[in-house]
Amino acid sequence: MTHNTPTAQPAVLDTIAATRRYVREARAASRRVALVPTMGALHEGHLSLVTRGRELADVVIVSIFVNPLQFGPNEDFDRYPRTFDADLAALGGRADAVFAPSVAEMYPSGASQTTVHAGAVAGLFEGTSRPGHFDGMLTVVSKLFNVVQPDIALFGQKDAQQVFLVKQMVADLDLPLAIEAVPIVRESDGLALSSRNRYLSTTERELALGLSSALRVAGEASASGIAAARRAALAAFDQRPDVRLDYLDIVDPATFLPLGDDATGDALMLVAARVGATRLIDNAPLHF
Ligand code: PAF
């Protein structure tokens, strides 16, 4: 098996057993293994995770699995884009293997009786709008870690709360791997790349710029403090009534808890908003 030779397409592994075999062979050759967990519908943001994985490890495995456990009953599980052939073509020789299990392979008894409980931070922000989402996400991520047993796993910073909770799980459960957060990839006009952007009409895509604009004006106002940054971001949303703000918060990146108006130091501004039927999130680091 030659892991580092770019090939036209990655090897496709659709069972846990085949994936374990593949990883065992890589380990026998003393290769470091990176995992990039995804739900497919790959875009440049995902590809930046793969590129970073390639810098940090010898073998890069991308998982593609739309995890039913992390979708609420009224969410977009059924219509979530499934673009497997295009995903393989996009990966090309950048990834060595794709682990693409069926739902039955991952949850043979229908659902997992044993799940990971994500803790208090999971009830905030995304967790308020998406109850149970983070338990479902951490449950599948821990299963993926157990199947692949990577040295390192890479996650996009766009899902900042997800990154925080994955790191917290790894620390709390003493999981033997490193987590690498990779910066958000944006379009030239500021829109953060997301698999859900493909739901947006041309008009909605224009409106969706409201999220990154709010983060930008907050950054510009941050020299005047947290309250000023929050006011500036809220004013940006007021100018776009068709963008329905879900939450806008400024948190301490170390605890993911909201910061008071007199806090100083590093911070993270989080926004979530609906544009038409599509819910989008974005975030940016700030310093006060
Ligand atoms: O970020 C995602 O795409 C998913 O939440 C993940 C990490 C692949 C788990 O299903």
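Ligands are counted one by one from 1 in listed order, and the atoms in each one are counted from 1 as well. In this text the structure is predicted, and so the values were computed from the model without any measurement.
A salt bridge between R196 and D76 is present, with a side-chain N of the basic residue lying under 4.0 Å from a carboxylate O of the acidic one. Using a cut-off of 4.0 Å between Lys/Arg side-chain N and Asp/Glu carboxylate O, R231 and D261 are scored as not salt-bridged.
Ligand 1 places these atoms under 4.0 Å from at least one heavy atom of Q70: 4 (C), 5 (O), 9 (C), 10 (O). Remark: ligand 1 atoms within the under-4.0 Å shell around heavy atoms of P37 are 8 (C). Remark: ligand 1 atoms within the under-4.0 Å shell around heavy atoms of V140 are 9 (C), 10 (O). The ligand atoms of ligand 1 that sit less than 4.0 angstrom from a heavy atom of Q162 are 1 (O), 2 (C), 4 (C), 5 (O), 7 (C). When each atom of ligand 1 is checked for a heavy atom of M137 under 4.0 Å away, the hits are 5 (O).
When non-hydrogen atoms are compared, ligand 1 lies under 4.0 Å from the backbone of T38 (N, CA, C, O) but not from its side chain. At a heavy-atom cutoff of 4.0 Å, ligand 1 is contacted by both the backbone and the side chain of M39.
Remark: E55 CD is packed, more than 12 non-hydrogen atoms of other residues, nucleotides or ligands lying under 6.0 Å away.
The minimum heavy-atom distance linking Y199 with Y80 is given by the pair OH-CA, 3.3 Å.
Using a 4.5 Å heavy-atom cutoff, the side chains of F99 and L35 are not in contact. Side-chain contact between R205 and T202 is absent, with no heavy-atom pair separated by less than 4.5 Å.
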